[in-house]
Amino acid sequence: MSKIYELLNDQVNKEFYSSYLYLYFANFYVDKGLNGFANWYKVQSQEENAHAMLFIQYIQNNDMEVTLEAIKKPDVKLNGNIDALKASLEHEKYITKSIHSIYEQALCEKDFRTIQFLDWFIKEQGEEESAASELVKKMELFGLDAKGLYMLDQEMASRIYTPPSLTL
């Protein structure tokens, strides 16, 4: 198996871990009584799961075997309401770096099909980081005020899952 397919298989696990991590964050917010934030992270979990499935489908479409690994338990310590938001931003930066590494390897191998496939993820990660950063900023601005936190929670409750529109 080439290095590119090892990285793609590894990304499958990272995307499933992301989904698992965001469910962990959703549970944290349910326990805090912030059901809107919980909803936001449940939707985020669905998105990450869909990303994993896209990687799986791409690997399969290229006649390669998918290797599923165990998903580790999230080890992020959450105390305050902003902790999950900050951890999410850092995690999205980590995922972006990982996808960039795959892209770099695809360039080295002149694997133009994989480069084209990853283009959507490059754009998606920009959106993911931007959304995570915006949530941190909003929590820093309004989260310490009860009314502000209530309004943020209501805003987060309105998010719905929309499946990705990437054709393989």
Side-chain angles (χ1 to χ4, degrees), residues 1-28 37 39-78 82-140 155-156 159-168:
M1 184 182 325
S2 74
K3 178 69 175 169
I4 190 77
Y5 286 104
E6 287 178 32
L7 293 169
L8 287 166
N9 267 299
D10 189 44
Q11 192 64 35
V12 169
N13 185 267
K14 289 176 182 175
E15 297 294 339
F16 279 133
Y17 173 79
S18 298
S19 178
Y20 200 54
L21 178 67
Y22 292 145
L23 282 177
Y24 173 68
F25 292 169
N27 291 335
F28 170 78
F37 280 89
N39 174 69
W40 200 93
Y41 278 107
K42 286 176 187 174
V43 170
Q44 194 64 24
S45 175
Q46 289 175 294
E47 278 192 12
E48 302 304 339
N49 190 70
H51 294 169
M53 297 305 292
L54 288 170
F55 276 99
I56 288 172
Q57 187 63 57
Y58 180 76
I59 293 166
Q60 291 171 338
N61 286 352
N62 286 278
D63 295 324
M64 299 300 292
E65 184 178 336
V66 175
T67 306
L68 297 176
E69 301 291 339
I71 301 169
K72 70 176 186 165
K73 179 181 176 180
D75 61 355
V76 179
K77 300 292 182 222
L78 303 176
I82 199 167
D83 293 347
L85 304 176
K86 287 182 175 180
S88 178
L89 177 57
E90 290 310 307
H91 183 72
E92 290 301 337
K93 289 178 182 179
Y94 164 75
I95 294 297
T96 297
K97 185 177 177 182
S98 178
I99 291 171
H100 287 178
S101 293
I102 303 168
Y103 197 96
E104 228 178 336
Q105 185 65 36
L107 282 172
C108 288
E109 292 185 25
K110 295 184 180 177
D111 183 346
F112 302 111
R113 184 181 304 151
T114 299
I115 290 169
Q116 184 179 25
F117 169 70
L118 292 173
D119 282 341
W120 182 87
F121 285 96
I122 300 288
K123 180 179 180 279
E124 176 70 7
Q125 281 309 118
E127 293 170 6
E128 297 280 2
E129 283 187 36
S130 179
S133 178
E134 183 179 316
L135 286 178
V136 169
K137 288 175 187 173
K138 285 181 177 182
M139 183 63 85
E140 288 173 343
E155 180 182 327
M156 300 299 105
R159 185 176 187 206
I160 58 170
Y161 175 67
T162 307
S165 59
L166 175 65
T167 4
L168 300 178

Test item: [X] and [Y] side chains (from C-beta on) under 4.5 Å apart, heavy atoms:
| X | Y | result |
| --- | --- | --- |
| H91 | Y17 | yes |
| L118 | I99 | yes |
| E155 | K138 | yes |
| S45 | F25 | no |
| T96 | F121 | no |

Will you find, in the side chains of [X] and [Y], an N or O donor that is under 3.5 Å from an N or O acceptor?
| X | Y | value |
| --- | --- | --- |
| S18 | H51 | no |
| Y41 | N27 | no |
| Q46 | S19 | no |
| Q125 | E129 | no |
| N62 | R113 | yes |

Would one find more than 12 heavy atoms of other residues, nucleotides or ligands at under 6.0 Å from atom OH of Y20?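 12 or below, so no.
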
For Q60, look at atom CD and say whether over 12 heavy atoms of other residues, nucleotides or ligands are found less than 6.0 Å away.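 Counting neighbours around CD of Q60, more than 12 heavy atoms of other residues, nucleotides or ligands fall under 6.0 Å, so yes.
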
Distance in Å, [X] [atom1] paired with [Y] [atom2], rounded so as to fall on 0.5 Å steps:
| X | Y | atom1 | atom2 | answer |
| --- | --- | --- | --- | --- |
| E128 | I95 | CD | CD1 | 9.5 Å |
| D119 | E124 | CG | CD | 13.5 Å |
| I71 | E15 | CD1 | CD | 11.5 Å |
| N61 | I59 | CG | CD1 | 10.0 Å |
| F28 | D83 | CZ | CG | 6.0 Å |
| Y22 | S88 | OH | OG | 3.5 Å |

Validation row, ring centre Y58 to ring centre F55 under 6.0 Å: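 Between Y58 and F55, the centre distance exceeds or equals 6.0 Å.
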
